[in-house]
Amino acid sequence: MLILISDAFDASLPGILSRFGEVTDDKSRLADAEIVLIRSKTKVTREYIDSAPRLRYVIRGGVGLDNVDVAYARTKGIKVDNTADASTTAVAELAFALMIALPNHIAAADASMRQGKWLKNELKRTELYGKTLGILGIGRIGLSLAVRARAFQMRVLGWHPDVYFTDFAEICPTMEEVLERSDYVSLHMPLVDSTRGIINKETLKRFKDGAYLINTGRGKCIVEQDVVDALKSGKLRGYATDVWNSDPPENSPLLGAPNTILTPHIGASTKENMIRIGIIVERLIEDYTAKK
Ligand code: NAD
């Protein structure tokens, strides 16, 4: 059995998986691979699947399967799984880091010091304490962020199509209510038809003036140009994003927008998470081989 590791995983993984068969990172051997391990970079499209006649199992190290044509894979009898539980802490910590970096101007302060500037009077900070955080998508990561925000004595609101109560966030009946009451809005929904472009010029009107938006969910959940316009008008005081329309972004207007903090899709990239993902991948392959 050939296992192709197509994207970046922990360096220990090839050794761990070698008990199941041959492990390679040589993508030119896709045609011989029975199992392919991917993260975000490899796109398992119809063409990809058609060029892999021996493929029986695709495992995505991460949350979501939006880079896999799952429906087509199923028609070919290919099993598809992810490691959805592993990344919760890693992404929640990045979302929190971005939320605290925005009103403290950490990135701008650092850049200004390197330029020989002393902006002690210009860089006015605000505190998270007592502010309201609105979380769209109260799932694993959203709830994990809520717990952290509560520790900083923020008020936490959430909206979710079918969650009505949690211990950590007050669930509002509509997304608009969350937007209207929040000083910070953090996105944690999957990319599906109903969430594509959900933050756009119409929904941005519902935000508080001067609110902050944090996106560690999916880049396509926002309309980039509408967010840029909101930053320029001051409707949004800041936008921090880890996620993009494409990895890396191509001609994104966000790259030249004011009051942003931009990271290269590193939400899941902690050492600890890579080890957790490896453990789950090993268990999934163990299960797969046991049922063969
Ligand atoms: P999850 O499935 O536990 O939570 C997502 C929640 O959003 C679910 O409860 C779902 O029911 C809810 N939801 C679905 N449609 C919605 C809608 N229209 N409005 C509001 N909520 C809706 O997933 P999770 O583990 O918390 O991950 C959330 C998202 O984070 C993933 O789908 C992925 O897009 C993103 N993510 C990003 C990174 C990164 O590197 N930045 C890493 C992992 C996950």
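Order of listing sets the numbers, starting from 1, for every ligand and every atom in it.
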(request) Ignoring hydrogens and angles, tell me if any N or O in the side chain of R39 forms a donor-acceptor pair with the backbone of A8 under 3.5 Å. (result) yes
(request) Report, as yes or no, whether the 6.0 Å neighbourhood of atom CZ on R19 holds more than 12 heavy atoms from other residues, nucleotides or ligands. (result) yes
(message) If the criterion is any heavy atom closer than 4.0 Å to an atom of ligand 1, which residues make the list?
(response) V63, V91, G137, I138, G139, R140, I141, W159, H160, P161, H188, M189, P190, S194, T195, T216, G217, R218, D242, V243, H265, G267, A268
(message) Is any side-chain heavy atom of Y184 closer than 4.5 Å to one of L128?
(response) yes
(message) Under a 4.0 Å threshold between the charged nitrogen and the carboxylate oxygen, would D66 count as salt-bridged to R218?
(response) yes
(request) Enumerate the residue pairs fulfilling salt bridge (Lys or Arg N to Asp or Glu O under 4.0 Å) with a member in residues 40-64, sequence neighbours excluded, ordered by first and then second residue. (result) D32-R54
(message) Determine whether the aromatic ring centres of residues F96 and F152 are separated by less than 6.0 angstrom.
(response) yes
